[in-house]
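Below you'll find the structure, written out as structure tokens, and then a few comments.
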Protein chains: 2
Amino acid sequence: MSVTIKDVAKQANVAPSTVSRVLSDSPRISEKTKRKVRKVMDDMGYHLNFSGRVLVQQSTQTIGIVMKKSSSHSFDNPFFAELLRGISASCHKHDYSINITTGDSEEAIFRDVIKMVQGKRVDGVIVLYSKEDDQVVPYLRERDFPFVMIGKPPADSNDITYVDNDNVEAAKEVAEFLIRLGHNRIGYIGGDSHFEVTTARLAGFRQAIAAHDIELPEDLFKNIQFDSGDAKKIVSELLEVEHPPTALIVTDDFNALAVMLALHEKNVRIPEEMSIISFNNTIISRLANPPLTTVDTQSYQLGYESADCLVELLRGGEVFKKSVIVPTVIVERESCIAEQTMLNKK
Amino acid sequence: MSVTIKDVAKQANVAPSTVSRVLSDSPRISEKTKRKVRKVMDDMGYHLNFSGRVLVQQSTQTIGIVMKKSSSHSFDNPFFAELLRGISASCHKHDYSINITTGDSEEAIFRDVIKMVQGKRVDGVIVLYSKEDDQVVPYLRERDFPFVMIGKPPADSNDITYVDNDNVEAAKEVAEFLIRLGHNRIGYIGGDSHFEVTTARLAGFRQAIAAHDIELPEDLFKNIQFDSGDAKKIVSELLEVEHPPTALIVTDDFNALAVMLALHEKNVRIPEEMSIISFNNTIISRLANPPLTTVDTQSYQLGYESADCLVELLRGGEVFKKSVIVPTVIVERESCIAEQTMLNKK
DNA sequence: TTCTTAATGGCAAACGTTTGCATTCTCTGA
DNA sequence: TCAGAGAATGCAAACGTTTGCCATTAAGAA
């Protein structure tokens with residue numbers, strides 16, 4: 001039905017192989033022939049059929065993106081959108097296509113991955129999360145299938161290419177930042193503890209307060225499931241501990257927004273009565289009221305680098321597994337003030 | 001290298017064709033043989049090679065998603081994320097894969113589309129926008145390539161399958177809603193006027209105010225480019241007209257957030273001094289402060305339906321081009337109050 | 001003029017499937 | 001016992017490429 005390499009060959013009076021070589025601009029074909037063939041291609045409206053090529057080259061020039069468990073939530077979160085955007089940009093640069101998992105449960109996603117990998121639909125895979133008790137990564141490793149992770153692998157991190165922030169360090173800096181502002185009652189609201197990012201940041205935070213000889217009761221440490229109802233509960237609890245915190249560290253902008261809303265409902269003013277600092281520097285932090293002080297994790301860059309790494313892996317250069325740590329930086333806006341200047345509520 | 005249908009055939013002592021037919025569970029193969037072959041498949045760890053099938057079946061079971069111009073912005077906007085989530089869910093149901101454009105300029109996206117379509121990488125395409133002066137849609141129509149649009153096509157809408165809200169009606173209802181609350185100085189902040197959604201809503205709004213014999217000066221009508229700097233400017237201008245508005249209609253939650261921030265900086269309180277209503281009911285509207293009254297455009301549903309339509313188209317049932325209008329409903333939260341109960345600023 | 005060699009292009013196999021048609025096998029009924 | 005029917009399976013071509021190797025041509029050297 002559509003015009004193939006053979007049609008072009010016939011029309012141009014050359015062999016199909018010649019046409020193919022013109023396509024790849026092989027030096028074995030003379031300029032004259034190339035011109036002739038290209039003209040015929042244009043005239044006939046020829047376009048390469050992808051699957052034909054894939055079949056023989058055993059390469060799809062496509063990378064797969066493995067979403068995390070509930071893509072419902074990932075999609076909601078501008079952090080993932082940024083990641084995708086970065087990946088997308090890098091792929092475009094390298095002329096790779098993108099195929100994303102569509103499953104919405106861990107099981108379904110795993111099946112998607114198998115379909116991608118075994119069905120040879122993709123050359124490599126980017127795993128958008130790092131999580132313990134995950135089946136995808138072991139599966140990929142077992143088959144020696146090229147992949148890179150966003151987030152530090154829970155195990156064998158020397159053997160896996162990954163792109164990540166230094167989350168321990170980042171959390172430390174955040175704590176130092178608040179401590180420098182005079183806060184010593186700091187509430188910590190982390191994310192799902194199955195994810196590496198959560199534990200890393202918590203560790204960093206604990207290191208920092210220990211280094212400053214600050215002791216914090218365990219009821220100042222919370223985990224939030226993405227859900228604003230949860231935020232209300234957590235905020236209530238935090239306000240009811242014996243010495244309530246004067247500052248809060250929240251795992252990302254999105255949850256911070258939920259926390260702010262909950263505080264607002266409790267008539268706690270930000271930053272006058274509570275400082276808040278969060279992670280990711282998504283557009284939300286700029287638009288929040290007040291605008292959020294947040295650590296820029298450079299999610300776009302994270303995505304971009306991960307795709308770059310994968311492509312490099314695929315092009316086969318790499319002998320050892322390199323990893324990339326993307327630096328973080330605190331972006332100061334208006335949600336944090338010095339402890340001394342706060343309103344005294346009593 | 002990996003195990004093919006032939007390997008399985010040899011091992012099971014049958015012909016490759018038989019294995020293929022077992023794969024598709026053809027009634028022409030006896031149960032006994034099927035069992036035997038399936039056992040061998042399992043033992044050998046066989047998995048179908050996708051490209052091989054594609055080549056002969058001339059169908060990829062993959063749909064392409066065409067992002068709008070600056071995916072940079074689309075990705076930022078939870079509205080698009082929701083769309084994607086809906087598409088993804090439907091695709092998963094129908095066992096289709098997803099391939100998205102990676103280009104970031106109109107030109108690059110167009111090239112991506114050509115690559116998808118001519119390279120036969122996808123069976124059909126979903127265009128995530130409706131815009132005048134667009135090259136993608138004409139291209140698809142010319143080649144009779146199956147596609148569906150999200151948003152009403154600027155032309156030939158009887159000939160194109162699309163999924164959309166009734167934006168004229170929705171805007172009308174929003175206006176009526178505000179009028180019923182007693183507002184008659186209403187500011188309107190639309191989006192990029194190249195997009196159909198923008199013009200449709202504006203039309204609806206104008207109809208509604210005309211129907212109520214309200215006259216509004218043209219300087220109450222603004223268009224916002226996505227960018228919070230712009231929001232400040234627009235807000236300033238709106239506050240400086242002779243009789244400033246008491247209510248604002250904003251084209252989506254995201255921009256509404258920016259507008260709210262700008263108002264806040266001007267010390268205008270919401271809703272006491274200004275009511276705001278927006279579109280899309282993304283999670284942002286729930287988390288805003290105060291939570292936004294917004295019209296739920298059901299973006300997830302929009303995405304889901306569009307993929308459903310496309311699959312139906314591909315399965316070839318459709319003779320005529322059906323379109324789906326997804327209903328909208330105003331979700332009342334706390335950003336709108338009756339004009340009478342507002343603070344008087346003078 | 002003849003031989004050598006470099007440049008150019010063609011042949012055909014291969015990639016992993018599917019599918020129309022042909023073949024083989026197993027019954028059934030006379 | 002055998003023709004014939006129907007069920008089960010096999011054969012081989014086709015899908016659109018790429019690529020190793022061979023064939024042809026032309027040019028240059030002797």
Side-chain angles (χ1 to χ4, degrees), chain A residues 1-41 44-62 97 115-123, chain B residues 1-41 44-62 97 115-123:
Chain A
M1 35 194 259
S2 48
V3 16
T4 78
I5 232 177
K6 290 183 190 168
D7 301 328
V8 174
K10 204 167 296 173
Q11 189 75 20
N13 261 314
V14 296
S17 48
T18 305
V19 178
S20 172
R21 283 191 252 261
V22 170
L23 231 35
S24 57
D25 203 18
S26 155
R28 294 189 34 188
I29 305 294
S30 68
E31 277 310 319
K32 195 171 143 225
T33 312
K34 281 184 186 169
R35 269 197 302 280
K36 180 176 70 176
V37 172
R38 290 205 178 107
K39 169 110 174 41
V40 175
M41 282 181 179
M44 302 183 73
Y46 169 80
H47 193 282
L48 174 77
N49 178 304
F50 188 57
S51 314
R53 164 181 289 186
V54 166
L55 197 51
V56 28
Q57 293 200 152
Q58 303 280 36
S59 144
T60 61
Q61 293 283 108
T62 302
S97 292
K115 218 163 72 175
M116 280 182 176
V117 171
Q118 308 243 50
K120 299 215 191 340
R121 290 164 189 241
V122 301
D123 291 348
Chain B
M1 36 192 263
S2 49
V3 19
T4 77
I5 233 176
K6 289 181 189 168
D7 301 328
V8 174
K10 204 167 296 172
Q11 188 77 18
N13 260 313
V14 296
S17 49
T18 303
V19 178
S20 171
R21 282 190 255 262
V22 170
L23 231 35
S24 57
D25 203 19
S26 154
R28 294 184 37 188
I29 305 294
S30 69
E31 277 310 319
K32 192 170 146 230
T33 312
K34 281 183 187 170
R35 270 195 303 278
K36 180 177 69 178
V37 172
R38 289 205 178 105
K39 169 106 174 40
V40 176
M41 282 181 178
M44 303 184 72
Y46 169 80
H47 194 281
L48 174 77
N49 178 304
F50 188 58
S51 314
R53 164 181 287 186
V54 166
L55 196 52
V56 25
Q57 291 199 152
Q58 303 280 36
S59 143
T60 61
Q61 294 283 106
T62 302
S97 293
K115 216 163 74 174
M116 280 180 175
V117 171
Q118 306 244 51
K120 300 218 192 336
R121 290 164 189 239
V122 300
D123 292 348

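In what follows, every chain begins at residue 1, and chains take the letters A, B, ... in the order their sequences are listed.
- Rounding to whole angstrom units, NE2 of residue B/His47 and P of C/dT17 are separated by 10 Å.
- Nearest heavy-atom pair, B/Lys6 versus B/Pro16, reported as atom, atom and distance to 0.1 Å: CG-CG, 4.2 Å.
- Remark: P of D/dC11 and NZ of B/Lys10 are 12 Å apart, rounded to the nearest angstrom.
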Passes side chain to side chain contact (heavy atoms under 4.5 Å, CB included), B/Thr33 versus B/Arg38? Steps please.
CA-CA 8 Å; B/Thr33 312; B/Arg38 289 205 178 105; over 6 Å; no
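- The separation between B/Lys36 atom NZ and D/dG10 atom C1' is 13 Å, rounded to whole Å.
- For the pair A/Gln61 and A/Ser59, the minimum side-chain heavy-atom distance is below 4.5 Å.
- The residue among B/Leu55 and B/Lys34 whose nearest nucleotide of DNA chain D lies closer to the 5′ end is B/Lys34.
- Here A/Val54 lies out of heavy-atom contact (under 4.0 Å) with every strand.
- To the nearest 0.5 Å, atoms NE2 (B/His47) and OG (B/Ser2) are separated by 11.0 Å.
- A/Val3 and A/Asp7 make their closest contact through CA-OD2, 3.4 Å (heavy atoms, listed as atom of the first residue, atom of the second, distance).
- The distance from atom CZ of A/Phe50 to atom C1' of C/dC15 is 14 Å, rounded to the nearest whole Å.
- The distance from atom CG of A/Asn13 to atom P of C/dT8 is 19 Å, rounded to the nearest whole Å.
- Summary of helix geometry: the two end axes of the helix from C/dT1-D/dA30 to C/dA30-D/dT1, each defined by five base pairs via their C1' atoms, are inclined to each other by 60° (rounded to 10°).
- Between B/Lys32 and A/Thr4, it is B/Lys32 whose nearest contact on DNA chain D lies nearer the 5' terminus.
- In this structure, A/Asp7 reaches neither bases nor backbone, as no heavy-atom distance under 4.0 Å exists between it and the strands shown.
- Evaluation of the side-chain hydrogen bond (donor to acceptor under 3.5 Å, both in side chains) test over residues 8-24 of chain A, restricted to residues two or more places apart or in two chains, returns none.
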5' to 3', nucleotides 18-27 of chain D under a 4.0 Å protein heavy-atom cut-off (B base, S sugar-phosphate only, - none) gives BBBB------
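- Contact record, A/Ser97 with B/Arg121: OG-NH1, 3.0 Å, taken as the closest heavy-atom pair.
- Across the protein-nucleic acid pair, B/Arg121 atom CZ and D/dT17 atom P stand 12 Å apart, rounded to whole Å.
- The only member of B/Thr62, B/Asn49, B/Thr60 that meets side-chain contact (heavy atoms from CB on, under 4.5 Å) when paired with B/Val54 is B/Thr60.
- Looking only at distances, a side-chain donor or acceptor of B/Lys34 sits under 3.5 Å from a matching main-chain atom of B/Ser26.
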